[in-house]
Amino acid sequence: MTDAASLSLRVTPDGQGELNFDSLGANGHSCSAIGPVGPMPGGWVYEENFGGAPCRIEIQVTEASGLRLTDIDGACKMSLCGQRAEIGEREFTRAQQLDCAQMPQY
């Protein structure tokens with residue numbers, strides 16, 4: 001099985017927003033992150049503290065209008081991922097993105 005990942009990023013005009021990230025890899029090992037993001041130069045940042053362990057995920061806009069998700073220092077792995085999964089650095093190309101206006105309304 002190849003790795004499959006999805007990223008939903010909802011951002012308000014003030015730069016605040018919400019991240020919803022899921023990844024499923026080999027043998028069913030997964031990672032997921034859901035929570036608020038704030039603006040940073042070139043993108044947004046998700047930060048959380050899990051029992052004294054800081055976690056920081058940066059979401060940056062790439063030169064080709066994609067999004068790059070990076071687990072800074074691998075610090076989020078222990079709290080957000082299964083044993084053999086990791087967030088690492090993932091890129092979502094512009095071609096992979098869906099226009100929210102085209103998504104079904106429920």
Side-chain angles (χ1 to χ4, degrees):
M1 175 180 175
T2 60
D3 188 39
S6 67
L7 171 67
S8 172
L9 182 64
R10 293 182 191 97
V11 180
T12 59
D14 67 355
Q16 303 297 317
E18 184 163 317
L19 164 75
N20 189 336
F21 168 75
D22 286 300
S23 155
L24 180 62
N27 299 319
H29 294 276
S30 64
C31 293
S32 63
I34 298 173
V37 296
M40 64 172 245
W44 302 268
V45 63
Y46 164 88
E47 294 180 289
E48 193 150 345
N49 191 319
F50 295 99
C55 164
R56 179 181 172 98
I57 297 174
E58 292 183 356
I59 305 119
Q60 294 183 307
V61 178
T62 67
E63 288 184 23
S65 297
L67 294 172
R68 181 177 300 116
L69 187 100
T70 306
D71 176 5
I72 302 302
D73 299 328
C76 299
K77 176 182 173 26
M78 293 303 292
S79 299
L80 300 177
C81 299
Q83 183 178 7
R84 293 191 176 123
E86 66 179 341
I87 296 169
E89 184 175 302
R90 298 183 181 266
E91 190 162 329
F92 297 85
T93 66
R94 179 69 184 127
Q96 294 171 308
Q97 296 175 31
L98 296 176
D99 181 352
C100 295
Q102 296 176 0
M103 294 179 70
Q105 299 294 315
Y106 295 99

Non-hydrogen atoms of A85 and C31 that approach each other most closely: CB-SG, 3.6 Å
Hphob cluster co-occupancy, F21 + M78, side-chain heavy atoms under 4.5 angstrom: no
Chi angles and distances behind the side-chain contact (heavy atoms from CB on, under 4.5 Å) call for L69, L19: CA-CA 11 Å; L69 187 100; L19 164 75; 4.1 Å; yes
Partner residues of D14 under the side chain to side chain contact (heavy atoms under 4.5 Å, CB included) criterion, sequence neighbours left out: T12, Q16
I72-L9 co-clustered via ILVMFWY side chain contacts under 4.5 Å: no
Of all pairs that satisfy salt bridge (charged side-chain N to carboxylate O under 4.0 Å, His left out), the ones with a partner from residues 26-36, not counting sequence neighbours: none
Disulfide bond (SG atoms under 2.5 Å apart) pairs, two or more places apart, involving residues 44-77: C55-C76
Partner residues of E18 under the salt bridge (Lys or Arg N to Asp or Glu O under 4.0 Å) criterion, sequence neighbours left out: none
Fellow cluster residues of I34, listed by chain then number, with links counted only when side-chain atoms sit under 4.5 Å apart: none
Check: K77 side chain, I87 main-chain N or O, donor-acceptor pair, under 3.5 Å: no
Considering all heavy atoms, the nearest G35-Y46 contact: CA-CE1, 3.8 Å
Residues F92, I59; criterion side-chain contact (heavy atoms from CB on, under 4.5 Å); working and verdict: CA-CA 10 Å; F92 297 85; I59 305 119; over 6 Å; no
Partner set under side chain to side chain contact (heavy atoms under 4.5 Å, CB included) for R68, not counting sequence neighbours: T62, T70, E89, E91
For E47, all residues meeting salt bridge (Lys or Arg N to Asp or Glu O under 4.0 Å), sequence neighbours excluded: R56
Distance-minimising heavy-atom pair for A5 and R90: CB-NH1, 4.1 Å
Heavy-atom check, side chain of V11 versus side chain of W44, under 4.5 Å: yes
Remaining members of hydrophobic cluster (4.5 Å side-chain criterion), M40: V45
CG on L7 to OG on S23, rounded to 0.5 Å: 11.5 Å
Any residue meeting salt bridge (Lys or Arg N to Asp or Glu O under 4.0 Å) with R10, in chain and number order, not counting sequence neighbours: none
Pairwise salt bridge (charged side-chain N to carboxylate O under 4.0 Å, His left out) hits with a residue in residues 24-41, at least two apart: none
